[in-house]
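Below you'll find the structure, written out as structure tokens, and then a few comments.
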Amino acid sequence: MSTQEAAIVGLTHHGSEDTGLGNRGPQSKSIVVPFGFWLFVLSDMVIFSALFATYASLVHATDGGPTTNELFDRGLVAVETVALLLSSFVCGLAMITAKRANMAWTQLWLVLTGVLGLVFLFIELYEFSSMIAEGAGPQRSAFLSAFFTLVGCHGLHVTCGLLWLGTMMAQIWSKGFQQHIIRRLLCFSIFWHALDIIWVAIFTIVYLIGTLT
Amino acid sequence: MSQYEEPQALNVAPGEPHNNIVSEVVAYVIGLGLALLLTGVSFWVASTTAIWGPGVATGLVVLAIAQMGVHLVFFLHITSGPDNTNNVLALAFGVMIVFLVMVGTIWIMGHMNANMGPTPEMANLMTQRG
């Protein structure tokens with residue numbers, strides 16, 4: 001059996017000794033670290049599932065106040081969605097150039113990732129502030145409490161992600177493309193893609209289903 | 001490096017990391033294209049009158065799940081490759097918990113709302129239904 005055939009049936013992975021598939025010791029760090037971070041991301045999604053369940057239970061509990069149809073603007077949501085999706089895509093490009101240790105392109109893609117994330121965040125803050133100005137703040141009804149908790153929690157994640165992004169850009173700049181820095185960047189990209197997955201659920205369940213006539 | 005041959009393009013799952021910069025970028029571009037397409041279809045389905053009304057919400061949920069799948073495969077590289085077994089198992093467990101929490105809550109709370117009839121003041125207090 002050639003090495004390639006062995007790789008296809010899963011006995012080995014390109015001849016590497018640390019696949020964990022036999023008695024060859026633990027997986028390499030480049031496998032274990034993203035796996036651990038993936039577990040964190042999945043548990044974060046479990047938290048969001050509770051927030052989604054709360055929102056779905058309370059969406060009609062408007063206490064005579066504004067309803068989903070009166071509050072949400074699909075145009076703004078479309079721009080937010082495209083900005084976050086492009087941000088996720090550009091983050092992937094940054095990973096491709098980072099693997100090849102290309103400083104200029106990596107920093108450029110990461111800046112673009114951050115700018116698109118900021119566009120998303122500013123639109124969300126604009127939406128929140130105009131809702132609060134109209135008297136549709138989180139204290140108005142159970143529906144609005146659930147809305148601000150769910151969407152605000154996602155926005156908070158994006159904010160933290162942007163801070164992390166800035167940190168990673170500084171670390172790449174000062175420490176270069178060392179193995180552990182690349183692993184951190186990989187974890188950031190997993191986080192950033194996961195936020196986009198959660199946003200897909202938010203724009204579908206909250207905004208699109210909320211504005212069906 | 002000559003120990004093994006570069007796997008042929010057809011042997012690589014869509015999200016599997018490649019060693020070729022072009023095919024890596026192409027995978028991301030395909031993912032972006034599919035995600036944009038599914039997003040566009042979602043917004044169209046939500047605003048069209050060509051689809052039977054009560055089916056629209058279900059259709060939107062299906063489209064959202066499809067888009068999550070695209071993100072998982074093309075952006076997060078969750079594939080059937082040998083390195084990915086643990087990631088896939090963790091994902092399966094996560095999906096199960098998410099499903100139980102969401103469907104269980106919506107099911108139970110929906111029935112509670114329907115069965116809270118006798119004291120309207122109390123029902124209103126509990127759920128703030130106007």
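Chain naming here is simple, since letters A, B, ... match the order of the sequence lines and numbering starts at 1 in each.
- With a 4.5 angstrom heavy-atom cutoff, V41(A) does not touch chain B via any of its atoms.
- Neither the backbone nor the side chain of V70(B) comes within less than 4.5 Å of any heavy atom in chain A.
- The backbone N or O of V200(A) lies less than 3.5 Å from a partner atom in the side chain of T204(A), making a donor-acceptor pair.
- Of the two parts of A56(A), only the side chain, counted from C-beta on, holds a non-hydrogen atom closer than 4.5 Å to a non-hydrogen atom of chain B.
- Contact tally against chain B (heavy-atom pairs below 4.5 Å) for L93(A), D196(A), V82(A), L39(A): the top residue is D196(A).
- When all heavy atoms of C91(A) and F188(A) are compared, the closest pair comes out as SG-CE2, 3.9 Å.
- In this structure, R140(A) does not pair ionically with E134(A), as no charged nitrogen and carboxylate oxygen lie closer than 4.0 Å.
- If you measure heavy-atom distances from S47(B) to chain A, the contacts under 4.5 Å come from both the backbone and the side chain.
- The main-chain N or O of L186(A) is found under 3.5 Å from a side-chain atom of S189(A) such that the two form a donor-acceptor pair.
- Among the candidates I96(A), L42(A), V46(A), the residue making the largest number of heavy-atom pairs closer than 4.5 Å to chain B is I96(A).
- Of the listed residues (V45(B), I108(B), I97(B), N87(B)), the one with the most heavy-atom contacts under 4.5 Å to chain A is N87(B).
- Neither the backbone nor the side chain of V95(B) has a heavy atom closer than 4.5 Å to any heavy atom of chain A.
- At distances below 3.5 Å, not a single donor-acceptor pair connects side-chain atoms of N86(B) with backbone N or O atoms of V32(A).
- The backbone N or O of Q139(A) sits nowhere less than 3.5 Å from a side-chain atom of S145(A) that would complete a donor-acceptor pair.
- For the set V56(B), L91(B), I106(B), the entry with the most heavy-atom pairs within less than 4.5 Å of chain A is L91(B).
- Side-chain atoms of R74(A) never come within 3.5 Å of backbone atoms of Y207(A) as a donor-acceptor pair (strictly under, hydrogens ignored).
- Note that CD1 of I202(A) and CD of E80(A) are 9.5 Å apart. Values are rounded to the nearest 0.5 Å.
- Of the two parts of L63(B), neither the backbone nor the side chain holds a non-hydrogen atom closer than 4.5 Å to a non-hydrogen atom of chain A.
- Of the listed residues (G94(B), S42(B), A46(B)), the greatest number of heavy-atom pairs within a distance under 4.5 Å of chain A belongs to A46(B).
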